[in-house]
Structures are given as C-alpha cells and as structure tokens.
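Note sheet for the following structure.
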Amino acid sequence: MTRPTRDVLRDIARRALLQRGFLPDFSDAARADARAAAPPPPDPAVRDLRALPWCSIDNDDSRDLDQLSVSTDADTILVAIADVDVLVPQGSAADRHAAVNTTSVYTPAQVYPMLPERYSTDLTSLNEGEDRYAMVVEMKVGADGRVERSEIYRAQVRNHAKLAYNAVGAWLEGSAPPPPTVAASAVLQEQLRTQDAVSERLGGARQRLGALHLKTVEAKAVFTGDLLTDLRAEDKNRAKELIENFMIAANGVTAAFLTARGFPSIRRILRAPERWDRIVELARSMGDGLPGAPSAPELEAFLLRRRAADPLRFPDLSLSVVKLLGSGEYAVEFPGKPLEGHFGLAVRDYAHSTAPNRRYPDLVTQRLLKAAVDRRPVPLTGPELEALAAHCTEQEDDATKVERQVRKSAAALLLEGRLGETFDALVTGASEKGTWVRVLQPPVEGRVSRDQAGLDVGDRVRVKLLSTDVERGYIDFQRLR
C-alpha cells in the first residue's frame, strides 16, 4: 500500500504536467529576474489610495493575492488589481515562461505558479501591510444592480486586512462570530456589510438576465503535515459570492473600457450550448420543461426549482449541465466586430483581467488596459492576440485536466487502505460507457464495476470498495444488494 503523502501526489502532478506540455520548473533566467527584482520606486503620477480601508478576501491558504476591494459610499465599489506588468515586463524571461504555461496549476499537493513566487506571492501580490501599485476599477452601482458609472486608473494601495472566505462568509450569513480582525474594527465591519449589499444587487441583476447558479461538489485535500488525511467538500458562501460578483463586474467594465478606447480585447466567452437539446431532455426526465431554443433565464429558473425540490442531488444535476454547456474559450474582439457574450454569466462584455498573477490572459489584458489609459498604441498585433487566445484556451483546458487527474489520484490514495469497506453513495452517471457513483463521505466518485445492472442517475445505493489505482485515479466499487 502506498503511503498517502504529498510526495506521491507531487510526482503524479509533475508527470501529468510534462505529458501535457507544461513547464513545471522555471528557467535559470526567470529565477535570476525574480531574484534581482525590487519594489518599483514611488510614482507621483499615480493616485495615492493607500489610506482607504482596502481588504482582500481569498482562500485561507492563498498567498498570490490579486484583488482588493473597498467601498467609498453605499453605492461605489473600488476593485484594485495587482499591477504585475510593472515588474514583469513583456518579453522578460519570467513573462516568456508565463506565456508557455498561461496559468497557475493548483493540485492537491502543490501549486505550480505561473510566475516565480518572488513575484506572485511577494512583490506583485497585494500582501497585507504592503504598499503596492494596482489598476483600480471604480464602479457606481445603481439600485437595480447595474453599473451606472465607471472609471479605471492606476493607484498605490495598501491591504489593511487579509481575510478568508469561510470565516467572512459564515459571519455574513449569521452562522458564526466575525473573525478576530473584523471583530476588532468597526470600519471593517461596515465595509464588509456595505460591500455585501452592493454584491447582492450586482448578483440579482445578473440573475434576472439568466446567470446560472450551479453547485458542484469540489473536494479539497486535507493534509496533516505531509500526510493526506481527508477530503472535504468546499461550498460557496456569501464571501465567495461577494468577490465573484465584484470580479465579474470589474471584468465587464474592463472589456467595455477597451472597446470605448478602440482597443482589441481578449474575451472569455461561453457560446450558447450546442447540446441544448440534451439539457431539454434532462429537464423533461425530471417532469419539468425548457424551450426549444437556448435560454439562460429559463435554464436558471429550472435550476432554482430543482435546487429547492432535491438539494441532495442538485450538485449532480449541476455537473451534468456544466458538461452539456461545454467549456469557455478565449477569443479576440476587435473594434467594430463584437463577439458573443458569456452564456452562463449572462454578460456580453467579459474580459479576464482580475488575476494577473495567476492567468496570462489577465496579464495581457492589463498591458492593453495600461496602454489604453495612457493613450499609447496597442502593444500587440491582432495576429499575436489571436494566437495567444488560442494557446491560452488550450493550456487552460489542459490545466483543468491535470488538476482533475491529481484530485482523482488523491481520492484513490485516501481510499487505498480501505478496500472492502462499504459506503452510502448516489448514482451520478449511467450509460453504455459505465455506471458512476459519488460516495457521500468522503466526497469521491468512482465506477461501479460489479452488479451495476438496473442502476440509474439519482439512485441511492450501498457500495463496497473493490480496488484503487492511484496513478490513474481509478476507484472501483461493487453494488451491494
């Protein structure tokens, strides 16, 4: 039996990255760039907003902080995005590495950052108590949740409180006391409640347009030291929704700003689903109905009905819908040639711009944005942007596959010593290709390779663990009658 340690998963992750053309290690030149980097000198030409009570909200263990937020009144939100370009110029060794991988890859055992950590978790991260340069998106949000006025500019900022999703979310939802940093600051409490209220308006506006509320089961590996000890389901909460709503709004403002300045932009789009007919069949099988033509508002209404009727199986319905919607892609919008919008988010203007430490399209967008703000020429040609968009789409898809593969390997590793044990499970897939179940605790998925006849999606079953294959992430169960 394999000892369930980080090293086992690191080895699997590294092999998976290399097989898909990623560079898991930085070049000597990129590391030298990072070692030589220093904070940029003060620039009197940019606004000084360091005194505002900015805060970050991210995962408990996040170290690459890309965004801060603050409210200046009951309707105005400022989102600060880390100015990565100021220290990682286009064409530098670190930038060339980022252009190959195009994204940080988050596996259970290790993060493979897009940029050397000297940048992404230090000099270009919006760390607590540090002065940093940022691109600021200022938005005035109306009572109906629409952005009524916006502005984009460079500024100096300071993160006054590094907060975590779960603690802030539980407090906003009324299920836990405020985290200590929040409890100690009346200003921060007022800030978060104001931001939460504005977020609710933004989210409500998108929901009325058909933004999809999906809930899939994401299991996070839990380590005690270097030993894998559990998998824990991660749920959305009010704090995550707050940041999500702000980021979607900021990305929309960024896209519209570039268009207004006559600049091209890299957009993230999700076209109307080609397999809408299968989604219609899925709804019909549940006694519900959808129109013959794709409609985001109608799909969202169906999802809300199903979440209320069957919350236990809603994550599995969500997963089916996600697969049938298909994956998003990056595409270039040129002046006068509008693209499709993002079906699942119910927005037309959407450019990834809020995570330049983690995603290369966001760093490229930052460079376009800074050139537009300064009224300089477009820093990349049309063909260069189109090639980047295609490459970023391919790499992001491959990164998702690597992350999924290593998560499956973590599940197999955790269960490897429990052969013969039985579990309560829910059937999540049933077709000619096989029958799949999701174990309720720990939240892992596997294949029913024996006695699966007659099972269908949604059935609750008792299964016995037959075998695991850690390298490939395979888990096989037998149905117990």
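- Take Phe26 and apply the ring pair (Phe, Tyr, Trp, His ring centres under 6.0 Å) test, not counting sequence neighbours, and it matches His97.
- Annotation: salt bridge (Lys or Arg N to Asp or Glu O under 4.0 Å) contacts involving residues 171-194, sequence neighbours excluded, are absent.
- For Glu384 and Thr381, the side-chain atoms include at least one donor-acceptor pair closer than 3.5 Å.
- Of the possible donor and acceptor atoms, one in the side chain of Thr229 sits under 3.5 Å from a partner among the backbone N and O of Val222.
- Contact check for Glu128 versus Leu163: no side-chain heavy atoms found under the 4.5 Å cut-off.
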Identify each donor-acceptor pair in which a side-chain atom of residues 174-181 lies under 3.5 Å from a protein atom, sequence neighbours left out, and give them as a table.
{"from": "Ser175", "atom 1": "OG", "to": "Ala170", "atom 2": "O", "distance (Å)": "3.2"}

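- The only member of Ile266, Leu368, Val378, Ile152 that meets side-chain contact (heavy atoms from CB on, under 4.5 Å) when paired with Leu258 is Leu368.
- Residues forming a side chain to side chain donor-acceptor pair (under 3.5 Å) with Ser71 (at least two apart in sequence, or on another chain): Gln191.
- By the 4.0 Å N-to-carboxylate-O rule, Glu244 lies close enough to Lys236 to be salt-bridged with it.
- Residues meeting the side chain to side chain donor-acceptor pair (under 3.5 Å) test with Arg47, sequence neighbours left out: Glu151.
- Counting only distance, with no hydrogens or angles, the side chain of Gln366 and the backbone of Ala82 share a donor-acceptor pair below 3.5 Å.
- Qualifying side chain to side chain donor-acceptor pair (under 3.5 Å) partners for Thr365, counting only residues two or more places apart in sequence or in other chains: none.
- Under the rule for a salt bridge (charged side-chain N to carboxylate O under 4.0 Å, His left out), the partners of Arg146 that lie at least two apart in sequence or sit in another chain are Asp144.
- Thr107 and Arg6 are not linked by any side-chain donor-acceptor pair at a separation below 3.5 angstrom, with hydrogens and angles left out of the test.
- Using a 4.5 Å cut-off on side-chain heavy atoms (C-beta onward), Pro39 and Leu123 make contact.
- Electrostatic pairing of Glu396 and Arg268 counts as a salt bridge here, judged by a charged N lying under 4.0 Å from a carboxylate O.
- Using a cutoff of 4.0 Å between basic side-chain nitrogens and carboxylate oxygens, Arg438 and Glu445 are not scored as salt-bridged.
- Heavy-atom neighbours of Arg375 CZ from other residues, nucleotides or ligands within 6.0 Å: at or below the threshold of 12.
- Residues Gln189 and Val182 share a closest heavy-atom pair of NE2-O, 3.0 Å.
- Looking at residues two or more places apart in sequence or on another chain, you find a ring pair (Phe, Tyr, Trp, His ring centres under 6.0 Å) between Tyr330 and His352.
- For Asn59 (side chain) and Ser62 (main-chain N/O), no donor-acceptor pair under 3.5 Å exists by modelled atom type.
- For Asp58, the salt bridge (charged side-chain N to carboxylate O under 4.0 Å, His left out) partners at least two apart in sequence or on another chain are Arg358.
- Using a cut-off of 4.0 Å between Lys/Arg side-chain N and Asp/Glu carboxylate O, Arg201 and Asp75 are scored as salt-bridged.
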Identify each donor-acceptor pair in which a side-chain atom of residues 83-95 lies under 3.5 Å from a protein atom, sequence neighbours left out, and give them as a table.
{"from": "Asp83", "atom 1": "OD1", "to": "Asp85", "atom 2": "N", "distance (Å)": "3.4"}
{"from": "Asp83", "atom 1": "OD1", "to": "Val86", "atom 2": "N", "distance (Å)": "3.1"}
{"from": "Asp83", "atom 1": "OD1", "to": "Lys370", "atom 2": "NZ", "distance (Å)": "3.1"}
{"from": "Asp83", "atom 1": "OD2", "to": "Arg154", "atom 2": "NH2", "distance (Å)": "3.4"}
{"from": "Asp83", "atom 1": "OD2", "to": "Lys370", "atom 2": "NZ", "distance (Å)": "3.2"}
{"from": "Asp85", "atom 1": "OD1", "to": "Arg367", "atom 2": "NE", "distance (Å)": "2.9"}
{"from": "Asp85", "atom 1": "OD2", "to": "Lys370", "atom 2": "NZ", "distance (Å)": "3.0"}
{"from": "Ser92", "atom 1": "OG", "to": "Pro89", "atom 2": "O", "distance (Å)": "2.9"}
{"from": "Ser92", "atom 1": "OG", "to": "Asp95", "atom 2": "N", "distance (Å)": "3.3"}
{"from": "Asp95", "atom 1": "OD1", "to": "Tyr360", "atom 2": "OH", "distance (Å)": "2.9"}
{"from": "Asp95", "atom 1": "OD1", "to": "Arg367", "atom 2": "NH1", "distance (Å)": "2.9"}
{"from": "Asp95", "atom 1": "OD1", "to": "Arg367", "atom 2": "NH2", "distance (Å)": "3.0"}
{"from": "Asp95", "atom 1": "OD2", "to": "Gly91", "atom 2": "N", "distance (Å)": "2.9"}
{"from": "Asp95", "atom 1": "OD2", "to": "Tyr360", "atom 2": "OH", "distance (Å)": "3.2"}

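- A donor-acceptor contact closer than 3.5 angstrom is absent between the side chains of Asp196 and Ser199.
- Residues forming a salt bridge (charged side-chain N to carboxylate O under 4.0 Å, His left out) with Glu138 (at least two apart in sequence, or on another chain): Arg149.
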Could you pull out all donor-acceptor pairs under 3.5 Å where a side-chain atom in residues 48-56 meets a protein atom, sequence neighbours excluded?
{"from": "Asp48", "atom 1": "OD1", "to": "Arg50", "atom 2": "N", "distance (Å)": "3.2"}
{"from": "Asp48", "atom 1": "OD1", "to": "Arg50", "atom 2": "NE", "distance (Å)": "2.9"}
{"from": "Asp48", "atom 1": "OD2", "to": "Arg50", "atom 2": "NE", "distance (Å)": "3.4"}
{"from": "Asp48", "atom 1": "OD2", "to": "Arg50", "atom 2": "NH2", "distance (Å)": "2.7"}
{"from": "Arg50", "atom 1": "NH1", "to": "Asp131", "atom 2": "OD2", "distance (Å)": "3.1"}
{"from": "Trp54", "atom 1": "NE1", "to": "Leu49", "atom 2": "O", "distance (Å)": "2.9"}
{"from": "Ser56", "atom 1": "OG", "to": "Asn159", "atom 2": "ND2", "distance (Å)": "3.0"}

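- A side-chain donor from one of Asp66 and Asn357 sits under 3.5 Å from a side-chain acceptor of the other.
- Using a distance-only test at 3.5 Å, with no hydrogens or angles considered, no donor-acceptor pair links the side chain of His391 to the main chain of Asn101.
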